[in-house]
Amino acid sequence: TNKGIALIEALVGILIFTTGILGVVGLQAAMTRAQGSAKARADAAILSSELIGLMWADSAHTVPGALATFSTGCTTGSCKQWLSKVEKELPSGAAVIATDAASGTATITISWTSPTDGAHQYVTSTSIR
């Protein structure tokens with residue numbers, strides 16, 4: 001009987017150990033997903049800041065109203081390059097830029113779809129004068 005009890009204790013110990021290992025593996029998977037999601041959010045914030053910098057640089061060196069060139073569907077210059085960068089750096093990345101040249105405001109909406117987390121958006125507004 002002592003041998004049987006020792007065997008049951010060993011099996012219970014193995015079961016507890018296996019459950020702990022499975023928990024660690026699940027935690028590792030969740031951390032990897034969270035890290036990917038955080039990276040995409042950080043990339044969106046960096047891309048948004050980059051475009052704001054481009055807007056400031058263009059408005060400082062060109063005629064008034066240069067902000068209007070940064071509207072959705074930009075087809076030339078730094079805006080077009082920036083849109084390509086958004087599409088390349090974020091999964092299913094896209095951007096919508098709304099500007100009001102009269103008030104100098106710009107709203108940038110960057111969206112992306114992660115295979116594990118679904119759809120996300122990053123929106124920022126600023127004043128360019």
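Because the structure is predicted, anything quoted here is derived from the model rather than measured. We number each residue from 1, following the sequence as shown.
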Gap between atom [atom2] of [Y] and atom [atom1] of [X] - 0.5 Å precision:
| X | Y | atom1 | atom2 | answer |
| --- | --- | --- | --- | --- |
| L83 | K88 | CG | NZ | 13.0 Å |
| Y122 | I46 | OH | CD1 | 10.0 Å |
| Q81 | L54 | CD | CG | 8.5 Å |
| L27 | L22 | CG | CG | 12.5 Å |

Given side chains that start at C-beta, do those of [X] and [Y] come closer than 4.5 Å, heavy atoms only?
| X | Y | result |
| --- | --- | --- |
| T99 | T105 | no |
| I97 | W82 | yes |
| I108 | T126 | no |
| V24 | Q28 | no |

- Full working for side-chain contact (heavy atoms from CB on, under 4.5 Å) between L90 and L47: CA-CA 10 Å; L90 294 171; L47 287 164; 4.1 Å; yes
Could you pull out the closest heavy-atom pair between [X] and [Y], with the gap in Å?
| X | Y | result |
| --- | --- | --- |
| S37 | R41 | OG-NH1, 2.8 Å |
| S114 | H120 | CB-CD2, 4.5 Å |
| S103 | S127 | O-OG, 4.4 Å |

- Message: Please check: side-chain N/O of W112 versus main-chain N/O of Q121, any donor-acceptor pairing under 3.5 Å?
- Response: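 No.
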- Message: Taking A44's backbone N and O only, do any of them form a donor-acceptor pair with S48's side chain (distance below 3.5 Å, no angle check)?
- Response: no
- Note on the structure: T107 meets the side chain to side chain donor-acceptor pair (under 3.5 Å) criterion, sequence neighbours left out, with S125
Taking only distance into account, with no hydrogens and no angle test, what donor-acceptor pairs under 3.5 Å do side-chain atoms of residues 6-16 form with protein atoms, sequence neighbours excluded?
none

